[in-house]
4 protein chains.
Amino acid sequence: MANNEKQETIIKAALEVFRNYGYSKTRMADVARKAGVSYGLVYHYFGSKEVLFDTIVNMWWKALYGVLEEQKSSTDDFPKKLVKVVEFFFDTYQDNPDLISIFVTEVSRSSIYRTSRGLEKFKRFFALCEEIMKQGQDSGFLRKDIKPHYLTYIFFGEIEAFISILVLGKEPLNKSRKNRAINAIIQVFLQGARG
Amino acid sequence: MANNEKQETIIKAALEVFRNYGYSKTRMADVARKAGVSYGLVYHYFGSKEVLFDTIVNMWWKALYGVLEEQKSSTDDFPKKLVKVVEFFFDTYQDNPDLISIFVTEVSRSSIYRTSRGLEKFKRFFALCEEIMKQGQDSGFLRKDIKPHYLTYIFFGEIEAFISILVLGKEPLNKSRKNRAINAIIQVFLQGARG
Amino acid sequence: MANNEKQETIIKAALEVFRNYGYSKTRMADVARKAGVSYGLVYHYFGSKEVLFDTIVNMWWKALYGVLEEQKSSTDDFPKKLVKVVEFFFDTYQDNPDLISIFVTEVSRSSIYRTSRGLEKFKRFFALCEEIMKQGQDSGFLRKDIKPHYLTYIFFGEIEAFISILVLGKEPLNKSRKNRAINAIIQVFLQGARG
Amino acid sequence: MANNEKQETIIKAALEVFRNYGYSKTRMADVARKAGVSYGLVYHYFGSKEVLFDTIVNMWWKALYGVLEEQKSSTDDFPKKLVKVVEFFFDTYQDNPDLISIFVTEVSRSSIYRTSRGLEKFKRFFALCEEIMKQGQDSGFLRKDIKPHYLTYIFFGEIEAFISILVLGKEPLNKSRKNRAINAIIQVFLQGARG
DNA sequence: GATGAATGAGTCTTCATTCAT
DNA sequence: AATGAATGAAGACTCATTCAT
């Protein structure tokens with residue numbers, strides 16, 4: 001247990017430091033200092049800077065996959081599924097802004113993630129999204145003249161743009177703003193923006 | 001003339017190196033080698049790695065602002081304006097993939113760009129987009145129940161997601177794929193994705 | 001203890017290297033090699049070349065201020081005080097020739113020390129000397145028609161010229177030469193050089 | 001003639017730059033810019049940074065040797081000779097403060113001058129001084145129980161300390177201050193400081 | 001004479017990582 | 001488990017100097 005506490009302290013510190021400085025400019029010394037432990041202990045639990053970073057990033061992927069799997073097999077109607085997915089992003093922004101910030105700024109498009117391992121994560125993510133989009137098409141909720149992976153890009157792009165704005169502006173998010181944003185995303189995605 | 005040639009050689013090399021390695025991992029030595037010039041010459045023309053990078057990034061902003069200003073004051077109808085904007089992104093991907101790749105991976109959401117100077121660039125970009133969206137609302141093409149800056153995020157997010165996919169996958173782009181993607185973006189943005 | 005030993009090893013090495021090459025031509029690599037430690041350890045203990053140099057220079061100032069404070073508050077008669085001060089310079093030349101060499105060649109008049117911080121050190125030094133000179137005037141040992149700070153410059157100039165000769169010539173100093181030199185300085189300062 | 005003008009422009013600029021930044025921190029580019037000429041021209045006239053510096057320093061030595069030779073062979077009485085020597089330093093401070101500043105801060109004790117060539121200059125200087133001191137002893141003006149080279153160090157040390165104070169403080173020097181300082185030096189050297 | 005573009009060796013400094021205690 | 005001293009590879013940047021024009 002004691003170990004786990006230390007590990008979590010380190011992860012919490014790393015989350016904050018990676019978020020504030022980015023992967024490259026983050027020094028292991030900063031993480032250790034912020035966590036209040038020695039250099040060596042960070043290396044004891046996490047073997048390298050990269051492993052530490054991956055540990056954090058995997059927390060994100062795991063949570064995201066979880067939500068997508070859940071919605072994929074959910075019996076909710078399609079629009080409800082979309083809402084759940086969008087909500088996940090905004091909830092994470094509220095509960096763990098460091099985590100989603102790191103995703104947006106250091107993972108989502110970052111060159112540091114352009115490894116085969118990094119791309120795998122995205123492929124799995126897009127594959128899950130695509131399956132949900134197919135469900136939407138099959139159930140008649142989505143137009144069929146646009147490829148499901150195109151719909152995926154568009155839907156994910158809308159969400160990410162919103163989250164990025166929040167992240168870059170370090171903006172707070174209250175309940176009503178959150179709902180307005182989610183509505184805008186869902187409505188424009190489904191009904192379009194035309195007047 | 002001769003000067004400009006060398007400078008351009010260096011910029012071309014930098015474009016490629018920054019794109020392939022990202023800002024952090026790019027070494028000035030790589031740029032010099034790729035450009036076929038000496039170490040010092042890069043510093044002769046561009047005072048530092050940061051200046052070199054900024055020079056490149058500003059090429060992007062200048063081009064982007066140019067298109068947006070043009071569309072803002074154009075007399076085309078609104079959907080045509082949107083098409084022009086989207087086309088700009090895809091054309092740049094074809095003509096100068098290094099440039100847009102750097103924008104997507106190193107600028108758009110990168111922590112290295114989260115400086116006040118960097119944010120200014122984005123603000124001006126979003127301000128221009130917003131004005132165009134307002135024109136769309138005023139001319140009745142866009143619904144008025146969603147704030148123009150929300151529409152901006154959504155529209156820009158859709159484009160960027162597509163471009164990112166191309167960039168990350170280093171995918172080639174022929175004419176028909178390009179048109180299909182542009183159509184998808186415009187149609188979903190305007191009419192929505194519902195079946 | 002172990003730490004202090006390493007730090008002192010580095011300082012000893014730095015003393016020698018700075019003395020032999022001067023601040024500008026001294027390379028941190030030389031210091032590390034001479035100390036038998038790695039490159040990074042010098043930076044571990046001293047953050048930069050400048051800090052390392054300052055550490056050394058401050059050793060000198062501390063010792064010098066100590067002697068001057070001591071003589072200022074001593075109850076010895078005035079000529080005795082002067083002797084003590086002069087002896088300090090010559091003793092330091094014997095015990096730590098690197099230290100006083102650095103003072104003479106790199107600090108005393110060097111342009112690298114013409115910072116406000118550097119000048120402060122000199123001001124405090126001259127202020128202490130001046131107070132001792134005032135004591136000499138008040139006790140009737142020194143003529144009153146010459147300003148005490150003029151007397152300071154003259155006295156300090158005499159000492160420094162001698163020490164400089166030793167330093168520049170890397171001359172050894174035995175007891176009798178030392179006494180002869182001290183005598184010459186004190187006598188000429190007090191009685192003058194006239195025949 | 002035109003050439004000489006350019007050369008002198010460069011020397012004037014170099015004098016100022018070397019004085020303000022010191023040898024190490026002075027960049028040839030600074031000298032060229034200050035002189036209003038190109039890099040290359042500085043190299044055209046002076047082959048290297050070292051040669052440029054030596055040219056300047058030799059101006060000083062030449063002037064100094066000139067005064068000492070003159071006084072050595074002058075028929076003035078000894079105290080008058082001393083006054084002439086001291087006056088030379090103070091006059092130079094008034095007429096060409098950059099030159100004497102460079103001497104004091106970059107030559108007099110600087111490690112960069114600890115070459116055999118540099119030491120030769122000093123030896124010749126001290127030899128000339130010593131001969132004048134011997135004249136003083138022979139003519140009964142100076143005590144004979146102190147070696148002439150000791151008297152040289154003391155006398156030169158007094159002068160240099162004064163000049164250094166002026167240089168380091170960048171102090172202006174009017175006629176009365178100058179005379180007071182010269183008097184103090186001569187009087188204390190000859191009669192001593194005792195009350 | 002005059003220019004300034006071009007060169008590249010030389011140095012400081014950073015920081016991930018190791019390992020003895 | 002925990003520490004932090006120790007390592008050294010890596011990389012940005014400087015600047016004296018050269019040389020084609």
Side-chain angles (χ1 to χ4, degrees), chain A residues 2-3 5-7 10 24-33 35-53, chain B residues 2-7 10 24-33 35-52, chain C residues 2-7 10 24-33 35-52, chain D residues 2-3 5-7 10 24-33 35-53:
Chain A
N3 310 359
E5 275 172 32
K6 290 265 181 173
Q7 285 190 50
I10 292 168
S24 288
K25 288 208 212 142
T26 288
R27 286 169 297 156
M28 292 298 263
D30 294 334
V31 175
R33 191 179 317 115
V37 301
S38 73
Y39 277 39
L41 200 62
V42 180
Y43 279 88
H44 181 74
Y45 287 116
F46 309 91
S48 70
K49 186 177 174 181
E50 207 185 345
V51 168
L52 178 60
F53 186 71
Chain B
N3 314 357
N4 287 333
E5 274 171 34
K6 289 267 179 173
Q7 284 191 53
I10 292 169
S24 288
K25 287 208 210 137
T26 287
R27 286 169 295 155
M28 291 299 263
D30 293 335
V31 174
R33 193 178 316 116
V37 301
S38 78
Y39 212 77
L41 198 63
V42 182
Y43 281 90
H44 183 75
Y45 286 116
F46 309 92
S48 70
K49 188 177 173 179
E50 205 184 348
V51 168
L52 178 60
Chain C
N3 314 357
N4 288 333
E5 274 171 34
K6 289 268 181 172
Q7 284 193 50
I10 292 169
S24 288
K25 288 208 212 140
T26 287
R27 285 169 298 155
M28 292 299 263
D30 295 333
V31 174
R33 192 178 317 117
V37 301
S38 78
Y39 217 78
L41 198 63
V42 182
Y43 282 89
H44 183 74
Y45 286 116
F46 308 91
S48 70
K49 188 177 173 180
E50 204 185 347
V51 168
L52 179 59
Chain D
N3 312 357
E5 274 171 33
K6 289 263 181 172
Q7 284 191 51
I10 293 168
S24 287
K25 288 206 213 142
T26 287
R27 286 169 296 157
M28 291 298 263
D30 295 334
V31 174
R33 192 178 318 115
V37 301
S38 73
Y39 278 42
L41 200 62
V42 181
Y43 279 89
H44 181 74
Y45 286 117
F46 309 91
S48 71
K49 186 177 174 181
E50 207 185 346
V51 168
L52 178 60
F53 186 71

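Lettering of chains follows the sequences in order, A, B, ..., and the numbering in each one begins at 1. Quantities reported herein were computed from a predicted structural model and do not represent experimental measurements.
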If you compare every side-chain N and O of His44(A) against the phosphate oxygens of dA2(F) (OP1, OP2), does one of them come in below 4.0 Å?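 No, because none of the side-chain N or O atoms of His44(A) sits under 4.0 Å from OP1 or OP2 of dA2(F).
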Rounded to the nearest Å, what distance is computed from the [atom1] atom of residue [X] to the [atom2] atom of nucleotide [N]?
{"X": "Arg33(A)", "N": "dC15(E)", "atom1": "CZ", "atom2": "C1'", "result": "12 Å"}
{"X": "Phe46(C)", "N": "dA5(F)", "atom1": "CZ", "atom2": "P", "result": "13 Å"}
{"X": "Ile10(C)", "N": "dA5(F)", "atom1": "CD1", "atom2": "C1'", "result": "11 Å"}
{"X": "Leu52(A)", "N": "dC15(E)", "atom1": "CG", "atom2": "C1'", "result": "15 Å"}
{"X": "Asn4(C)", "N": "dA5(F)", "atom1": "CG", "atom2": "P", "result": "11 Å"}

What is the minimum heavy-atom distance between Phe46(D) and Gln7(D), and which atoms define it? CZ-O, 4.1 Å
Closest approach of Ile10(D) and Ala35(D), non-hydrogen atoms and distance? CA-CB, 4.0 Å
With respect to the side chain of Ser38(B), which nucleotide from dA2(F), dA6(F), dT7(E) is positioned closest? dT7(E)
Using the side-chain heavy atoms of Val37(A), tell me which of these nucleotides is nearest: dA5(F), dA6(E), dT3(F). dT3(F)
Counting a pair only when it is Watson-Crick or G-U and both distances are under 3.5 Å, which runs of at least 3 such pairs involve DNA chain E?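 If one scans DNA chain E for consecutive Watson-Crick or G-U pairs, the stems found are E:2-21 with F:2-21.
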Any chance you could measure Ser24(C), atom OG, to Lys25(D), atom NZ, to the nearest 0.5 Å? 8.0 Å
From NE2 (His44(B)) to NZ (Lys6(B)), nearest 0.5 Å: 11.0 Å
Take Met28(B) and Tyr39(B) through the side-chain contact (heavy atoms from CB on, under 4.5 Å) test and state the conclusion after the steps. CA-CA 7 Å; Met28(B) 291 299 263; Tyr39(B) 212 77; 4.3 Å; yes
How would nucleotides 13-21 of chain F be written as a contact map, 5' to 3', with B for base contact, S for sugar-phosphate-only contact and - for no contact, using protein heavy atoms under 4.0 Å? BBSSBB---
